Novice: 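Right, I'll just put the structure down here and ask away after.
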Number of protein chains: 2
Amino acid sequence: MLKGHLDMIVLAALAGAPAHGYAVIQEIHRRSGGAFDLPEGTIYPALQRLEKAGLLSSRWTTAESGRRRRVYTLTRRGRLALADHRAVWQRFIEAVGGMFGHADHATARTDR
Amino acid sequence: MLKGHLDMIVLAALAGAPAHGYAVIQEIHRRSGGAFDLPEGTIYPALQRLEKAGLLSSRWTTAESGRRRRVYTLTRRGRLALADHRAVWQRFIEAVGGMFGHADHATARTDR
DNA sequence: GGCTATGCCTTGTGTTGCGAGGGGTCAAGC
DNA sequence: GCTTGACCCCTCGCAACACAAGGCATAGCC
């Protein structure tokens, strides 16, 4: 469904503030109005991929609860990539919109 | 890029009038404002997939130029599927929009 | 003891867009 | 005559990737 757009979504979720994987899932769920409910098997590999690409950086932290968390932060390149993805996305939805835009031009009134 | 949305795009291209594969490519290119320039290796398998799924039907025709063409027509189920895809798409872009919607809420004014 | 929530991870699989290649016709240009 | 490009059909194989499934661990509640 969100093939190819996952990176953008994850980056967007981290644009506000750094967060750990589990929190990213919740943030995405929240911001999307409940539309996106990504499983861990989707998000964790994505975070690793983005870090390897230099768009995210991570560090281990320990919450007051004693839990170990890997917190991801958007890098400079990550922010640039996000802006980039966003522009591409904009053009994409406009193009798709164009596909619907005009029902047709064959059945329409051809008079004058 | 358009992973998962190809079907919708192809169906939309055929919503106006039946067309053969090559024409579908051109129609998509035209309606998308030049944004989509799909290669044959993408569109032909897609058309076959959609026909096998019962969303399209095809018949061979011969143009006045003598060329053999396989013309695809949207079936009843195809129209329903298109409307369906469109609704999903609408919800999808709204969800993505929500991801950007609010920059954040941490750096924003937290006063009162 | 069992269940749920939190938190991390990997492996395997199915889908799918698309590059590369292979048919063939016809017109225009060198 | 030969090449280039538009038109028109097709198939094979690769790579990317979302995600299901499974595994491990801690903590709180019933």
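Scope of the values below: all heavy atoms of this structure, side chains included, with no hydrogens, waters or symmetry mates. Worth saying up front: this structure is predicted, and the values here are computed from it rather than measured. Throughout, protein chains are lettered first and strands after them, A, B, ... in sequence-line order, and every chain is numbered starting at 1.
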Novice: Which residue, A:Ser65 or A:Pro45, contacts DNA chain C at a nucleotide closer to its 5' end, judged by nearest heavy atom?
Specialist: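 With A:Ser65 and A:Pro45 compared, the 5'-side residue is A:Ser65.
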
Novice: Give me the ring orientation class for A:His5 and A:Trp89: parallel if the planes are under 30° apart, tilted from 30 to 60°, perpendicular past 60°.
Specialist: perpendicular

Novice: Confirm from the modelled atom types if A:Glu40 and C:dC8 form a donor-acceptor pair under 3.5 Å, side chain to base only.
Specialist: yes

Novice: Output yes when at least one side-chain N/O atom of B:Gln26 is less than 4.0 Å from OP1 or OP2 of D:dC7, else no.
Specialist: yes

Novice: Mind checking A:Arg67 for me? I need base, sugar-phosphate or nothing, with any heavy atom below 4.0 Å counting as a touch.
Specialist: base

Novice: Taking 4.0 Å as the cut-off, does a side-chain nitrogen or oxygen of A:Thr42 come that near to OP1 or OP2 on D:dC19?
Specialist: yes

Novice: From D:dC9, D:dC19, D:dA18, pick the nucleotide closest to the side chain of A:Arg49?
Specialist: D:dA18

Novice: Within the structure shown, what part of the strands sits under 4.0 Å from B:Gly41 by heavy-atom distance: base, sugar-phosphate, or nothing?
Specialist: base

Novice: Counting only side-chain nitrogens and oxygens, does A:Tyr44 get under 4.0 Å of the OP1 or OP2 atom of C:dC9?
Specialist: no

Novice: Give B:Gly4 one of three labels, base, sugar-phosphate or nothing, depending on what nucleic acid heavy atoms sit under 4.0 Å from its own.
Specialist: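 Sugar-phosphate: the residue B:Gly4, judged by heavy atoms under 4.0 Å, touches backbone atoms but no base.
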
Novice: Output yes when B:Glu94 and B:Arg91 qualify as a salt bridge under the 4.0 Å nitrogen-oxygen rule, no when they do not.
Specialist: no

Novice: Provide, to the nearest angstrom, the distance between the CD1 atom belonging to B:Ile9 and the P atom belonging to C:dT16.
Specialist: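 The distance from CD1 of B:Ile9 to P of C:dT16 comes to 14 Å, rounded to the nearest Å.
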
